[in-house]
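We number each residue from 1, following the sequence as shown.
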Amino acid sequence: MRRVRFHSYGGPEVLRVEEAEVPEPGPGELLVRTEAIGVSLPSVRRTRGDGNGGGVPLPAVLGGEVAGEVIGLGPDVTGFTVGERITGLSFTGSYTEVATVPAALASRIPDGATSEDAVALVRGGQVALAALAAAAPAGTESVLITGAASATGHLAVQLAKLRGVPRVVASVGSAAKADFLYGLGADEVVVYEDASWGEPVDIVLDGVGGDLLPRAVAALAPGGRLVFFNSGGGTVPAYDLLAGSKTITGLTMARFAATRPELYERHGAELWEHFLAGRLRAAVHARVPLAEAGRAHEIIEGRGNLGKVMLIP
């Protein structure tokens with residue numbers, strides 16, 4: 001089989017296609033022939049040794065979301081059969097033609113949906129719903145979403161509106177993305193470099209971090225709350241939180257799925273229900289051949305994508 005690895009840290013040029021043996025599924029794992037593979041900003045940062053994935057042992061195969069057909073079952077796996085189509089996370093490596101996926105982090109792809117639909121919808125949608133659950137918008141509270149045109153952000157915009165949020169502000173790096181976001185239901189679109197992001201909001205869902213984090217905190221009204229779910233880091237003076245009675249909550253999906261499994265399962269069902277009913281759009285910006293993984297990383301680094309970037313084996 002083919003896989004993509006990197007032997008040193010760097011940009012898209014460090015990704016290399018190589019031949020490898022098909023892995024054996026371990027206890028609790030599914031063996032999956034991949035049909036679609038998600039590419040994300042955290043993965044791009046890992047190849048550079050940045051973010052929360054920096055310092056991974058080299059050479060490395062990037063892990064992440066995959067979708068495809070189950071072709072093998074590891075010991076102790078129940079509830080799945082060979083031939084089923086699933087989506088899930090592969091920690092041992094997703095940039096590959098065959099991947100192992102923990103059964104606990106896998107879910108079936110329903111009839112009427114494709115593997116590409118699953119990669120565009122499930123992971124980003126789960127993050128968006130978990131962030132909304134952590135923020136718990138109520139009544140007339142407003143929400144601002146950074147990275148709003150990203151794979152997670154564009155779903156968060158739609159899901160916030162589906163949850164009844166009356167004012168959803170989409171924050172992005174370029175005004176060229178405005179029409180896309182208004183088409184998804186955003187009430188306002190602001191650009192990072194704008195002098196003002198409009199009237200303060202009650203909640204920020206931050207998928208960017210870094211130098212943008214202080215601006216995101218400043219966009220909060222007194223008593224506002226920010227949910228931080230990105231790998232970009234960032235620093236905020238504690239006094240800025242104290243003076244405005246503002247809070248920041250960190251979110252990782254690994255912990256959310258482990259500690260709230262029933263809600264995680266309900267969120268998955270909600271995503272597919274909205275998608276299959278036509279209420280939720282999972283946008284795919286680019287489908288790139290696995291052998292050209294570097295080009296997919298270039299798209300992400302250029303920050304011009306509208307929705308998901310994925311690899312096709």
Given 3.5 Å as the limit, does a donor-acceptor pair link the side chain of [X] with the main chain of [Y], or not?
| X | Y | answer |
| --- | --- | --- |
| Glu13 | Gly294 | no |
| Arg281 | Gly278 | no |
| Arg225 | Ala136 | yes |
| His285 | Leu306 | yes |
| His154 | Ala283 | yes |
| Arg215 | Tyr192 | yes |
| Thr34 | Ala36 | no |

Qualifying residues under side-chain contact (heavy atoms from CB on, under 4.5 Å), relative to [X], sequence neighbours excluded:
| X | value |
| --- | --- |
| Arg48 | Pro12, Asp50, Glu301 |
| Ser150 | Thr152 |
| Ser107 | Thr87 |
| Val284 | Ala120, Arg287, Met310 |

With rounding to the nearest 0.5 angstrom, report the [atom1] to [atom2] distance, [X] to [Y].
| X | Y | atom1 | atom2 | value |
| --- | --- | --- | --- | --- |
| Leu290 | Leu15 | CG | CG | 10.0 Å |
| Ile299 | Asn305 | CD1 | CG | 8.0 Å |
| Leu184 | Leu159 | CG | CG | 10.5 Å |
| Ile37 | Glu35 | CD1 | CD | 10.5 Å |
| Leu213 | Thr146 | CG | OG1 | 9.0 Å |

Which pairs of donor and acceptor atoms, one on a side chain in residues 239-263, lie under 3.5 Å apart (sequence neighbours left out)?
unit_1, atom_1, unit_2, atom_2, d
Lys246, NZ, Val217, O, 3.0
Lys246, NZ, Leu220, O, 3.1
Thr259, OG1, Arg255, O, 2.7

Which atom pairs, one a donor and one an acceptor, fall under 3.5 Å between side chains of residues 19-32 and the rest of the protein, sequence neighbours left out?
unit_1, atom_1, unit_2, atom_2, d
Glu29, OE1, Gly26, N, 2.7

Problem - Partner residues of Ser8 under the side-chain hydrogen bond (donor to acceptor under 3.5 Å, both in side chains) criterion, sequence neighbours left out - result: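 None.
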Intermediate values then yes/no, side-chain contact (heavy atoms from CB on, under 4.5 Å), Val127 and Leu155: CA-CA 9 Å; Val127 173; Leu155 295 171; over 6 Å; no
Only one of Val191, Leu144, Val169 passes side-chain contact (heavy atoms from CB on, under 4.5 Å) with Trp197; say which it is.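 When Val191, Leu144, Val169 are each tested with Trp197, the side-chain contact (heavy atoms from CB on, under 4.5 Å) holds only for Leu144.
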Tyr95 with Val309, same ILVMFWY side-chain cluster at under 4.5 Å
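They do share one cluster, since a chain of ILVMFWY contacts under 4.5 Å joins Tyr95 to Val309.
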Quiz item: Under a 4.5 Å side-chain heavy-atom rule over Ile, Leu, Val, Met, Phe, Trp and Tyr, are Val168 and Val190 clustered together?
Solution: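 Cluster IDs for Val168 and Val190 differ.
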- Task: Decide yes or no on ring pair (Phe, Tyr, Trp, His ring centres under 6.0 Å) for His297 and Phe6, but give the supporting numbers first.
- Result: CA-CA 13 Å; His297 280 218; Phe6 58 105; 8.5 Å; no
- salt bridge (Lys or Arg N to Asp or Glu O under 4.0 Å) against Arg303, all qualifying residues, sequence neighbours excluded: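 Result, salt bridge (Lys or Arg N to Asp or Glu O under 4.0 Å) vs Arg303: none returned.
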Taking salt bridge (Lys or Arg N to Asp or Glu O under 4.0 Å) as the definition, give me every residue that meets it alongside Glu292, ordered by chain and number, with sequence neighbours left out.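 If we apply the salt bridge (Lys or Arg N to Asp or Glu O under 4.0 Å) test to Glu292, skipping adjacent residues, the hits are Arg295.
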Using links of under 4.5 Å between side-chain heavy atoms of ILVMFWY residues, direct or through other members, which residues join Leu89 in one cluster?
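Result for Leu89 is Phe91, Leu105.
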Give a yes or no on whether Glu18 atom CD has more than 12 heavy-atom contacts from other residues, nucleotides or ligands under 6.0 Å away.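 Correct, the count exceeds 12.
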### Selection residues 157-174 - residue pairs positive for salt bridge (Lys or Arg N to Asp or Glu O under 4.0 Å), sequence neighbours left out
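Non-adjacent pairs meeting salt bridge (Lys or Arg N to Asp or Glu O under 4.0 Å): Lys161-Asp187, Arg163-Glu270, Arg167-Glu188.
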Got a sec, which pairs hit salt bridge (Lys or Arg N to Asp or Glu O under 4.0 Å) with one end in residues 189-206, sequence neighbours left out?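 Residue pairs passing salt bridge (Lys or Arg N to Asp or Glu O under 4.0 Å), neighbours aside: none found.
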*Checking side-chain contact (heavy atoms from CB on, under 4.5 Å) for the pair Val189/Lys177: CA distance, chi angles, key distance, verdict?*
CA-CA 9 Å; Val189 178; Lys177 299 178 180 182; over 6 Å; no
